[in-house]
Amino acid sequence: MHPTKNDLPERTRTGVVDLLAPHVASAIDLMLQAKHAHWNVKGPNFIALHELFDKVAATAQKHADGLAERIAQLGGRPSGLVKQVAAHSKLPSMREDLVLGRDHVEAVASALAAFGAGVRRDIDKATELGDADTADLLTEVSRETDENLWFVEAHNQAEA
């Protein structure tokens with residue numbers, strides 16, 4: 001931990017840094033999975049999904065940045081290196097051979113759901129550690145992730 005004048009006790013800061021690190025990895029993984037879908041989706045809903053997946057990627061990048069910056073604010077050292085992301089992401093892997101819109105929707109929805117569930121589980125843990133600011137940050141991430149999950153899932157929920 002780097003020295004800081006942040007008034008949270010070092011034990012709290014260390015606990016929060018450890019809590020947030022896997023979420024940074026998962027947010028970067030989510031961003032990359034959404035970009036993969038953005039680049040590779042095909043079908044009649046191409047443009048809508050292409051643009052939606054880009055929005056999901058941008059939001060995930062924003063979340064990765066916010067979570068990593070919180071780690072740095074507390075004296076931690078955030079990592080976004082590919083090896084660290086691969087080792088610590090909690091998201092399901094995306095198949096590389098997906099083409100159809102509905103398949104990409106399902107894969108991105110699964111990644112969003114896993115990311116949101118993980119973040120939501122740790123809101124109370126951040127509060128228990130004594131860091132209301134991190135709990136608030138995680139709540140914002142959860143809320144925006146749920147909104148993107150709704151947007152993505154809606155594509156496979158329409159009646160045929």
Taking the side chain as everything from C-beta on, heavy atoms only, tell me whether K35 gets closer than 4.5 Å to D54. yes
Sub-4.5 Å side-chain heavy-atom contact between L149 and F115: no
Between R70 and D133, is any pair of side-chain heavy atoms under 4.5 Å apart? yes
Is any side-chain heavy atom of Q73 less than 4.5 Å from a side-chain heavy atom of E69? yes
With a 4.5 Å heavy-atom cut-off, do V119 and H63 have their side chains touching? no
Quick one: closest heavy-atom pair of A68 and P78, and the distance? O-CG, 3.5 Å
Same apolar cluster (I L V M F W Y, side chains within < 4.5 Å links), M94/L100: no
Approximate separation, where rounding is to 0.5 Å, of M1 CE and I71 CD1: 9.5 Å
Please find the pair of heavy atoms, one from A126 and one from A135, that lie closest to each other, and give the distance. CB-N, 3.7 Å
Any side-chain heavy-atom pair of L74 and D131 under 4.5 Å: yes
Distance alone, cut at 3.5 Å: any donor-acceptor contact between the side chains of N148 and E144? no
Nearest heavy-atom approach of A27 to A60 is O-CB, 3.6 Å
Flag, side chain of S26 to backbone of P22, donor-acceptor distance under 3.5 Å: yes
From D7 CG over to T12 OG1, what is the distance, rounded to the nearest 0.5 angstrom? 10.0 Å
Looking at G101 and L49, what are the two nearest heavy atoms and their distance? CA-CD1, 3.5 Å
When you look at CD of E147, are more than 12 heavy atoms from neighbouring residues, nucleotides or ligands closer to it than 6.0 Å? yes
To the nearest 0.5 Å, how far apart are CZ in R11 and CG in L129? 8.5 Å
Under 3.5 Å, is there a donor-acceptor pair between the D122 and H23 side chains? yes
Among L138, T134, L137, side-chain contact (heavy atoms from CB on, under 4.5 Å) partner for I123: L138
Report the C-alpha separation of L98 and N40 in whole Å, then their side-chain angles, then the decisive distance to 0.1 Å, and conclude whether the side chain to side chain contact (heavy atoms under 4.5 Å, CB included) test is met. CA-CA 8 Å; L98 301 179; N40 289 288; over 6 Å; no
Closest approach of A111 to L30 (non-hydrogen atoms, all atoms of both residues): CB-CD1, 3.8 Å
Say you draw a straight line from CE of M31 to CD1 of I28; how long is it, rounded to the nearest 0.5 Å? 6.5 Å
Would D29 and Q33 count as a side chain to side chain donor-acceptor pair (under 3.5 Å) if you check the C-alpha gap in whole Å, the side-chain angles of each, and the deciding distance to 0.1 Å? CA-CA 6 Å; D29 188 10; Q33 288 190 34; 3.2 Å; yes
If hydrophobic clusters are built by linking Ile, Leu, Val, Met, Phe, Trp and Tyr wherever their side-chain heavy atoms come under 4.5 Å apart, do I47 and V105 end up in the same one? yes
Where A34 and V56 come nearest, the two heavy atoms and their spacing: CB-CG1, 3.8 Å
State the NE2-NE2 distance between H104 and H38, to the nearest 0.5 angstrom. 11.5 Å
Please round to the nearest 0.5 Å and tell me the distance separating atom NE2 of H88 and atom CG of L81. 10.5 Å
